[in-house]
Number of protein chains: 2
Amino acid sequence: MTNQNNELTYSIGELAKEFDITPRSIRFYEEQDLLSPERTGQTRIYCNKDRVRLKLILRGKRLGFSLAEIKNLFELYDSNANSMLQLEAMLQMTEQKRAILRQQLDDIQMLMNELDEVEKRCRDELADLQKRGS
Amino acid sequence: MTNQNNELTYSIGELAKEFDITPRSIRFYEEQDLLSPERTGQTRIYCNKDRVRLKLILRGKRLGFSLAEIKNLFELYDSNANSMLQLEAMLQMTEQKRAILRQQLDDIQMLMNELDEVEKRCRDELADLQKRGS
DNA sequence: AAATTGATTTACGTTAACGTTAGGGTTAGG
DNA sequence: CCTAACCCTAACGTTAACGTAAATCAATTT
């Protein structure tokens, strides 16, 4: 649907289907102050900004961030922080997150290598079986 | 300590300290069949293989795997699977995990980009403040 | 008009991964 | 002999992130 500004809007069910989650989850994110959609009467109306935010929430989750951490990142991102103290705190946080991401990259690399080995051993054995079987 | 084969062994406390977790966690992993150290009386004795396994558990956790999934991976890795069916199931699993890891790599990349932007905006504002302040 | 579909709130239930407390045993040092 | 620093089991408590059920309302469809 479109609202009065000719922007696309979504119902809770549409978003749930698109991202393959339940409406319950979306309402829960709102309860945790991660979303704040408009309303028409009681019904929630999500604009594109909300949709993007939801996408970010799910991406954060896949990376193992808790909802509280995600909320933190949002506040960090949204805040029109002006004081030097706030700005420096922000830089510190981004650096922390960056460190975690680097660690995860390492972890993924090592796991991929291990998967390679498992797969190789596996293929070898399969080839062996084929040979004997024929 | 070293055991009768002159291999290094570790107490639960040593491992806990090394990996910055609690002994409770290590015992819990054992309860979930992710570890199975030797015993001297009641006391657990961990060899190097156990230590490596613990390291793998923690790496898996950082990547958002559940303990059950990690156990699955271990069984997959340990099993001297010989039947073609088992081997093919194994290949399927590694491919699944690989897909998840690829997804995570994408996620990390996008998050890193976003962090770059946040940081840049932040530095700009800081520079601005410095200018006016001087 | 009745039924289906999708929305709402409220509130209790569930699972994973430990934390915490209670109670007790063993060895090294003072 | 006593205390400190380890280790153990058993069992209940906790938190996050929803699941699920009940009861209700509004808009379509048949």
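Here is how names work: the chains are called A, B, and so on, in the same order as the sequence lines, proteins then strands, and each is numbered from 1.
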Asks: Applying salt bridge (Lys or Arg N to Asp or Glu O under 4.0 Å), can you list everything that pairs with D50(B), at least two apart in sequence or on another chain?
Replies: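 Applying salt bridge (Lys or Arg N to Asp or Glu O under 4.0 Å) to D50(B) gives none.
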
Asks: If the condition is salt bridge (Lys or Arg N to Asp or Glu O under 4.0 Å), which residues does R123(B) pass it with, not counting sequence neighbours?
Replies: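 With neighbours one apart ignored, the set is E119(B).
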
Asks: Checking Y29(B) now: which residues fulfil side chain to side chain donor-acceptor pair (under 3.5 Å) with it, not counting sequence neighbours?
Replies: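 By the side chain to side chain donor-acceptor pair (under 3.5 Å) rule, Y29(B) matches no residue at all.
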
Asks: Please, which pairs that meet side-chain hydrogen bond (donor to acceptor under 3.5 Å, both in side chains) have at least one residue in residues 15-24 of chain B, sequence neighbours excluded?
Replies: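 Listed by first then second residue: E18(B)-R51(B), T22(B)-S25(B).
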
Asks: Which nucleotide span of DNA chain C, 5' end to 3' end, has atoms closer than 4.0 Å to non-hydrogen atoms of chain B?
Replies: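 Result: dA17(C) to dT20(C).
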
Asks: Take a 6.0 Å sphere around CD of E38(A) and say whether it holds more than 12 heavy atoms from other residues, nucleotides or ligands.
Replies: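 Counting other residues, nucleotides and ligands, CD of E38(A) stays at 12 neighbours or fewer.
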
Asks: My understanding is that only residues two or more places apart in sequence, or in another chain, count here; which of them pass side chain to side chain donor-acceptor pair (under 3.5 Å) with N72(B)?
Replies: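 Expected list: none.
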
Asks: For D116(B), give me all partners under side-chain contact (heavy atoms from CB on, under 4.5 Å), at least two apart in sequence or on another chain.
Replies: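 Applying side-chain contact (heavy atoms from CB on, under 4.5 Å) to D116(B) gives R98(A), N113(B).
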
Asks: Using a cut-off of under 3.5 Å, enumerate the N/O to N/O pairs linking the protein to nucleotides 24-26 of chain D.
Replies:
none

Asks: Can you sort out the partners of D33(B) under salt bridge (Lys or Arg N to Asp or Glu O under 4.0 Å), two or more places apart, ordered by chain and number?
Replies: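 With neighbours one apart ignored, the set is K71(B).
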
Asks: Mind checking what makes salt bridge (Lys or Arg N to Asp or Glu O under 4.0 Å) contact with D124(A), not counting sequence neighbours?
Replies: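 Once residues adjacent in sequence are excluded, D124(A) has no partner under the salt bridge (Lys or Arg N to Asp or Glu O under 4.0 Å) criterion.
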
Asks: Treating primed atoms plus P, OP1 and OP2 as sugar-phosphate and everything else as base, which nucleotides of nucleotides 6-11 of chain D get B, S or - for protein heavy atoms under 4.0 Å?
Replies: -SSB-B

Asks: Among all residues two or more places apart in sequence or in another chain, which pass the side chain to side chain donor-acceptor pair (under 3.5 Å) test with R44(A)?
Replies: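 Listed in chain order: E30(A).
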
